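Reviewing the structure listed below.
Order of the sequence lines sets the chain letters (A, B, ...), proteins ahead of strands, with each chain counted from 1. Both backbone and side-chain heavy atoms feed into the values below; hydrogens, waters and symmetry mates do not. A quick note: this is a predicted structure, and the numbers were derived from the prediction, not measured.
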Number of protein chains: 2
Amino acid sequence: MGKRVTLSDIARHTGLAISTISTVLNGHAGTRIPSDTAQRVHEAAELLGYAPDPAARGLRTGRSGIIGFISDEVTVTRYASAMIRGLIDTADTADYVVVMSETDHREERLERALEVLRTRRSEGLLFGLMSARRIDLPPLGGAPAIVVNGVAEGVGSVLPDEERAGREAVEHLVRRGHRRLALIGRSDVHLDPAVSVTIGDRMAGIDAAMAEAGLAFEHEVEAVYWEPEVSHRGAAEILDHHPEVTAIIALNDRMALGVYQAAQERGLSIPADVSVMSFDDEQLASYLDPPVTTMRLPYLEMGALAMERLLESVVSGAPIPDSRMLVPIPLIERGSVREIRGPGTA
Amino acid sequence: MGKRVTLSDIARHTGLAISTISTVLNGHAGTRIPSDTAQRVHEAAELLGYAPDPAARGLRTGRSGIIGFISDEVTVTRYASAMIRGLIDTADTADYVVVMSETDHREERLERALEVLRTRRSEGLLFGLMSARRIDLPPLGGAPAIVVNGVAEGVGSVLPDEERAGREAVEHLVRRGHRRLALIGRSDVHLDPAVSVTIGDRMAGIDAAMAEAGLAFEHEVEAVYWEPEVSHRGAAEILDHHPEVTAIIALNDRMALGVYQAAQERGLSIPADVSVMSFDDEQLASYLDPPVTTMRLPYLEMGALAMERLLESVVSGAPIPDSRMLVPIPLIERGSVREIRGPGTA
DNA sequence: TTGTAAGCGTTATCAA
DNA sequence: TTGATAACGCTTACAA
C-alpha cells in the first residue's frame, strides 16, 4: 500500500535537486554543512515520512544492510531463542536486518545458505552453534564473520567463560560450608574440540577451585551422555555409598534432574539432605522442586556481543581479531543448595 | 569477495544483448521459446555462475524476495525454534528469505518491526505466537499476512487441531482399558480468547470423547497456572483420595512433571500404578522417567504450512482466506500409559 | 528472433 | 553551495 516517498518527492517539495537532498541527508563530510537548506530538507523528509530504499541504496553502494545468521540447528535447542533475540535487537539498533538460515549440520545446506547470503550481498556472517564445539567452515571469501558459542579456524568467536563458571560453582558450595563433594559428568569425550571447546575449561575451573580449597571429590561419576537416566544411576551410587557427600555437582541441568529423581526415591530431601548445583539453566532448571541452583549460559548476551563486534567490523572495515571473547556465566541462586553450619567449618 | 556475475557478463560471453539474456532466463511466455539460443544462454549462465541480484531485480519489480517473520517472544519459548525451522525451510525452496523480528509483546516494537519490513518491501508477513491467543494487529496495509499459532481479526491463521487431540488423548486411554480417569488443568481463564483460542477446543474434544465412552472424570483439579507445583498438589489429592483412578490427564507436560513428583513421593510407579498422559511434548516430556506419552504440538508443521500458504498468496496475488487451518497433533507414545487387561473390559 | 532504451531510487563525481 | 549526470543490475515495452 502506501506509496513510497522517494528523494524526488522531497526534491519536488523543496524545489531543490535530488542530489542535493541526498547529500544533505547523508550528512557528507565532503560538502561541509551545506547551510540552512539542510533544515528545509530535513523538515520535508520528516514531513513526508521519507525512508531510503535499501534496495536502491544497496544497488548503488553494494551494502545491503543484511547480516546473515547461520545456525546448525535452531530446532533442537532449548537455548537458540535467547541468542537470536540478542542478535536481532542489536542488529536493529544499527539498522541492520537479520536473515536466518539453518544447516541442520549438513554441508550442502551450509553451502546453500552461504550462497543465498552472498547473492543477497549480506555484509556479515554470524554462525550460531548450539553446543560450543570447533567447526569447519568453508572459505568465506573475506566477508566479516564471527562464531557464537563455538570456534572455527581463523574466525573470531564469542564463548561463555566456563573456566570462571567452574570455579564459581565450587566456590559457591565451599562458601556455604560444603567440603564433601561429588561430581557427575566428567568424561574424556567432552575434551575433544569437535565435541566441546568449553567443557575442558569448565572442568579446569572446577578442579582449580577444588584444589585451592584443599578438597578432592569424594566420588566422581563419569558420563558421556548427559541425560537424566545416566545421572539417576550415578546419583544412586553416590547416595548409597557415599553418605558423607553433602553436595553434588551435575554438569548440566538434565543430569540434575536425575539426581533429584534418585534423591526422591530414597526419601532424601533437597537441599536438606543433599545439595545440588548444576550448569546451563535451561527451562527445566526452574521446573525442578526445589528449583536448582545453576550456572546460566548467557546466550542472549553472547548473541548481542557477537552482533556488536560483527557490526563494528562491518562498518569500520577492520577485521575481527581471531580470538575468543568470553562472556561471564552468572550463578543463578535457587533453592537447591543449603548453608552448612557444622563443626569443622571455621 | 568473488566479483558478481551480471547479465552483461553473459551478454558479452554469448554475443547477445542483455535484454535477450534476461528474457530467456526469465522464461517469459510473451516471447515464445526464443529458440536454441536459449541453450547458449543457459549454458553461459551456468558456466559463469550467474545469480540475479535481488536488489537490482527488486528495485525494478518491487518484489524483494523477503518475508518478514514477527514473533512476540522468540526468547522464552521452548517451541519457537521448530516453527522457525519449518518456515525457513519452506521459504528457501521458493527462493525467499526470512527476516526476523521480535516484539517482546510491546506495541512500539511491533510498529517498528512493521516499519522496517515495509521499508524493505517485505512481500509478506508471518506472525508467530508462542501461545495460541487472539491478538490485535495494527492495519497491515493490505500486505499478505498469516498468523501461526494464534488468530487475529481479518487474517488467516494456522492452528493445532486441539479438538481432535483432546479426543485422541482420551480415546488412547480408553482403548487401553482405562475407565477411571482424572484431569488436571481445566479452568475458565483458558477460555478467554486473549489467553487461548485452542484450549477450549482441547477441552471440548476431551469432554466429547469422555461422553462417547460413557465416562465422567472421577476427579478434576482446576489449575490456572500450568506449572509443576500446582499439579504436584493436584496429583496428591487424586492419588490420596481417589485410588480408583488408573490414569491422569495433565493438560501440559510441566503439569505431568508435577504428577510424577507426587507419584514418586508416594512410592507409586508410573505406569504400573497410575498412567499419565499429557499435552505439548516439550523437551521436558522426554526427560521424565518414564518419558511421558503426550500430544505433540506440531510447531514445525505449522510453520511450514503457514509459509506455504503465505507464499501461495504472495505469488498468486490471491488473498489468504480469513480462516483457520488446522494441523493434526500427533500422539507420541512413550512409556507412561499401561494397558489394563482387567475384568469388565471387553 | 533479437536489440534499444527507459526507468526503478540511490549515491558519487564533477561542473556550474 | 547546489545541480546535472552517470552508474549500480535488472526488467520490460517497443522497435528493428
Could you state the atom-to-atom distance from [atom1] of [X] to [atom2] of [N] in whole Å?
X     : N      : atom1 : atom2 : answer
A:I18 : D:dT2  : CD1   : C1'   : 14 Å
B:L16 : D:dT11 : CG    : P     : 16 Å
B:L59 : D:dC10 : CG    : P     : 12 Å
B:I10 : D:dG9  : CD1   : C1'   : 12 Å
A:R4  : C:dG9  : CZ    : P     : 8 Å
B:Y50 : D:dG9  : OH    : P     : 10 Å
A:L7  : C:dA12 : CG    : P     : 12 Å
A:I21 : C:dA12 : CD1   : P     : 16 Å

Legend entry - SB check A:D72 B:R85 (cutoff 4.0 Å): no
Inset, instruction - Determine, for A:E43 against A:R40, whether the closest basic-nitrogen to carboxylate-oxygen distance falls under 4.0 angstrom. - result: no
Inset, instruction - Please figure out whether B:R40 or A:D53 has its closest DNA chain C nucleotide nearer the 5' end. - result: B:R40
Inset, instruction - Report the residue (B:A17 or B:T61) whose heavy-atom-nearest nucleotide on DNA chain C is the more 5′ of the two. - result: B:A17
Side-chain N or O of [X] less than 4.0 angstrom from OP1 or OP2 on [N]?
X     : N      : answer
B:R60 : C:dG7  : no
A:N26 : C:dT10 : no
A:T37 : D:dT1  : no
A:S19 : D:dA4  : no

Inset, instruction - Look at atom CZ of A:R63 and say whether more than 12 heavy atoms of other residues, nucleotides or ligands are closer to it than 6.0 Å. - result: no
Inset, instruction - Might you confirm whether atom CD of A:E108 has over 12 heavy atoms from other residues, nucleotides or ligands at distances under 6.0 Å? - result: yes
Inset, instruction - Decide yes or no for B:L59 and A:D53: does some side-chain heavy atom of the first lie under 4.5 Å from some side-chain heavy atom of the second? - result: yes
Legend entry - Residue A:R121, side-chain heavy atoms: nucleotide from D:dG9, C:dT10, D:dT11 that is nearest: D:dG9
Legend entry - Nucleotide nearest B:T20 (side chain, heavy atoms from C-beta), chosen from C:dG3, D:dG9, D:dC10: C:dG3
Inset, instruction - Have a look at B:A11 and say if it touches a base, only the backbone sugar-phosphate, or nothing, with a 4.0 Å heavy-atom cut-off. - result: nothing
